[in-house]
Amino acid sequence: MRQEVEIIVHNALESLKGPWGLDSIPGADIEVPRNEEMGDVATTVAMGLTKILKKPPRKIAEEIVEAIQNLSLSKVGGPGVDIFESIEIAGPGFINFRFKNEFLHKKLEVLLTEEHSSLRNDIGKGRKVQVEFVSANPTGPLHVGHGRGAAVGNALCNILQAAGFEVEREFYINDAGLQVKLLGESVFARYLQLSGIEAPFPEDGYKGDYIESIAEEIIKRAGDEYVNRSLEDCGEFFTDYAYKMMLANIEKDLKDFGVVFDRWQSEKELYEKGKVQDSLQTLRQKDLLYEKDGAKWFNSTGFGDDKDRVVVKQDGEYTYFASDIAYHKDKLDRGFDTIINIWGADHHGYIPRIRSALAAFGLPKDKFRVILIQMVALLRNGEPVQMSKRAGEFVTLSEVVDEVGADITKFIFLTRRADSQLEFDIEVAKEQSAENPVFYVQYAFARISSIFRQAVEKGVKSYESRVTSQEKMSYLALLTENEELSLIKKLLQYPMVFEGAALSLEPHRITYYLQELAGMFHSYYNRHRVLSDDAGLANARLSLCKAVQIVLKEGLNMLGVSAPERM
RNA sequence: GCGCCUGUAGCUCAGUGGAUAGAGCAUCGGCCUCCGAAGCCGAGGGUCGGAGGUUCGAAUCCUCUCAGGCGCGCCA
């Protein structure tokens, strides 16, 4: 829908380039007017040209409209003005286009024939994008905050894939640092305690019940084999055993949530393969590493960071940042064109140094993008659910998924912009009512499924029967009610919404669109009978319903939410 | 002290420099002898935190300011 207008406006501007004495013409942004009465699509290009041409915007708009009309006479190819019912100039200088019904029907027919492929595009052109998300420390179960990151990352990957990118979903495992060591120590202490030995629990150790479960598991497998051993002696075993168990648990929780990763990158492996050393060596060769106060520093200020950052401490140990440099260099070495990191908002201070590292290895600035996920405030009946990580008390993702359901949880996470705080009320989410936007959308889909079941029972001639495009057009032409035309236009807007979501990395745009589309469908359904006594009309309306279903399903797929035929 | 994010209807939130700022919930009033009422129709509700500025035009961009959240380690 937009494409046709874009081409026409572009051609018109091209023809005006000479008369206007311009070397180049601006890209014409095509938007959907706020009110439907204004038109189906509009462009503000005339207003944007006022400064350059030093003419009033409405005058420029007139010239553009005139050029569009002349364009059709000269037949330059491509879509012609005959797709428009009207072209009007309005307000300060908007050019509003209104399509002929015939054009809308034709586009609907294309949607019905090509289905999902007509809704996608190829802005990615096969370029490789790497999306790293969740990357929770394997020291405990995932909590709801991780779930939000998982939902957003997953949806984003789905969208980018549909937009023609080659996407890799990766989980980075922090299995090399002090945290996993502390996890091992915590489990060791519990192991000893469960074996009847008085053992001190490490300060700041992990206190959740799951620590005990892991200890029990070890007792089950190894009995008292480690009771008389020291921490130095078997700490590594406990660390390894514990974090691998946690990792398996995390992977299962994610899978239950409907999120599957392509790759799990171990931090430890980066050290073992010498990649940390290598990456620092590369920086040294670029003269971006120096020694000061007995430590080694990376010159990140050279790339816009506030201050330089230590990569090797005085005691010779690497900092966390050192392995992160190696990790991000590895991403580049694997040939990704764009690197997307989804982080908790509390990590925002980390962005400049990673950006610096990537820039040092030659990645253009705009090829590194970070999505910050804000905290989730968990409520129950309006009351905040107290969570204390110190005491090991927090609501896990799996608990919420078990209680509320994966579809609802994901959808709610995707009804907000990633970087705005979100309230998640478990009781409200559980209610199968209008409070719950996911039902509203799914209900529209299920309702249409139900209509199709009715249609089969009543023996209405199937819309799917093999008919030529011509025949299809002849009954689609019966869709002339206002609600029907509005619905078709809304369907045709999907690709614009989708593209916006892909370019801005904002899955929530699709969530909002789906709610609007579902709303228009419900409204239509209440006003007009789909299974009309008039067979042709019934067929046309079934086709419209089918198209709504295709778009609903496409959108829900992007969000990773199911589209049930019954509910 | 410095940096980042947020501030829009009673509540939760959309809103990529454009037209009269929207949705859901909540409140009030209607709609099932007919395809799923998890639905529909209607009503009320706004100093877009505040003040300047940029321009044809600002919720959106800039500066200042107020409020809330987060981050500022040779921690991870």
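Lettering follows sequence order; numbering is per chain, from 1.
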* **Heavy-atom side-chain proximity of A:Lys546 to A:Gln549 below 4.5 angstrom** => yes
* Would a 4.5 Å heavy-atom cut-off, applied to side chains only, mark A:Val395 and A:His143 as touching? ->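 Answer no - side chains too far apart.
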Provide the distance between the two [atom1] atoms, one in [N] and one in [M], to the nearest whole Å.
| N | M | atom1 | answer |
| --- | --- | --- | --- |
| B:rG24 | B:rA43 | P | 13 Å |
| B:rU65 | B:rC28 | C1' | 40 Å |
| B:rG50 | B:rA21 | P | 16 Å |
| B:rA26 | B:rU12 | C1' | 11 Å |

Between [atom2] of [N] and [atom1] of [X], the distance in whole Å:
| X | N | atom1 | atom2 | result |
| --- | --- | --- | --- | --- |
| A:Tyr350 | B:rG73 | OH | P | 12 Å |
| A:Asn539 | B:rC35 | CG | C1' | 15 Å |
| A:Asp308 | B:rG73 | CG | P | 14 Å |

Determine the contact category for [X]: base if any of its heavy atoms lies under 4.0 Å from a base atom, sugar-phosphate if only primed atoms, P, OP1 or OP2 are that close, otherwise nothing.
| X | answer |
| --- | --- |
| A:Ala444 | nothing |
| A:Met567 | base |
| A:Glu423 | sugar-phosphate |
| A:Asp306 | nothing |
| A:Tyr320 | base |
| A:Pro33 | base |
| A:Glu267 | nothing |
| A:Leu178 | sugar-phosphate |
| A:Arg34 | sugar-phosphate |
| A:Leu422 | sugar-phosphate |

Among [options], which is the nearest nucleotide to the side chain of [X]?
| X | options | value |
| --- | --- | --- |
| A:Arg416 | B:rU16, B:rC40, B:rU12 | B:rU12 |
| A:Arg447 | B:rG73, B:rU20, B:rG36 | B:rG36 |
| A:Tyr512 | B:rC13, B:rA38, B:rA19 | B:rC13 |
| A:Ala446 | B:rC74, B:rC34, B:rG36 | B:rG36 |
| A:Tyr443 | B:rG73, B:rC35, B:rA38 | B:rA38 |

Strictly below 4.0 Å, N to O, side chains only: are [X] and [Y] in salt-bridge contact?
| X | Y | value |
| --- | --- | --- |
| A:Arg309 | A:Asp324 | no |
| A:Glu484 | A:Arg541 | yes |
| A:Arg527 | A:Glu481 | no |
| A:Arg58 | A:Glu62 | no |

* To do: Report the C-alpha distance between A:Tyr318 and A:Ser323 in whole Å, list the side-chain angles of each, state the deciding distance to 0.1 Å, and finish with yes or no for side chain to side chain contact (heavy atoms under 4.5 Å, CB included).
  => CA-CA 8 Å; A:Tyr318 291 108; A:Ser323 55; over 6 Å; no
* Asked: Is B:rC70 syn or is it anti, if syn means the base angle is within 90 degrees of 0?
  -> anti
Using both distances under 3.5 Å as the test, list the Watson-Crick or G-U wobble partner of [N], or none.
| N | value |
| --- | --- |
| B:rU33 | none |
| B:rU63 | B:rA51 |
| B:rA23 | B:rU12 |
| B:rG42 | B:rC28 |
| B:rC4 | B:rG69 |

* Under 4.0 Å between a side-chain N/O of A:His508 and OP1 or OP2 of B:rG15, yes or no? ->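 Checking A:His508 against B:rG15: at least one side-chain N or O falls below 4.0 Å of OP1 or OP2.
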* Taking only side-chain nitrogens and oxygens of A:Ser523, does any of them come within less than 4.0 Å of OP1 or OP2 of B:rC41? -> yes
* **Donor-acceptor pair under 3.5 Å, A:Asn96 side chain vs B:rA19 base** => yes
* Asked: Below 3.5 Å, does any donor atom in the side chain of A:His348 face an acceptor in the base of B:rG3, or the other way round?
  -> yes
* A:Lys292 vs A:Gly349, nearer the 5' end of RNA chain B by closest nucleotide ->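 Its nearest nucleotide being more 5', the pick is A:Gly349.
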* Structure fact -> Per nearest nucleotide of RNA chain B, the residue lying toward the 5' end, A:Met38 or A:Ala518, is A:Met38
Got a list of protein N/O to nucleotides 5-9 of chain B N/O distances below 3.5 Å?
| unit_1 | atom_1 | unit_2 | atom_2 | d |
| --- | --- | --- | --- | --- |
| B:rC5 | O2' | A:Asp419 | O | 3.4 |
| B:rU6 | OP1 | A:Arg417 | NH2 | 3.0 |

* Dump the intermediate steps for ring-ring contact (aromatic ring centres under 6.0 Å, His included) on A:Phe133 and A:Phe171, then the final yes or no. => CA-CA 6 Å; A:Phe133 58 112; A:Phe171 186 115; 8.5 Å; no
* Between A:Gln179 and A:Thr139, does any side-chain donor sit less than 3.5 Å from a side-chain acceptor? ->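 No, no side-chain donor-acceptor pair sits under 3.5 Å.
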* salt bridge (charged side-chain N to carboxylate O under 4.0 Å, His left out) partners for A:Lys313, two or more places apart ->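 Here no residue qualifies.
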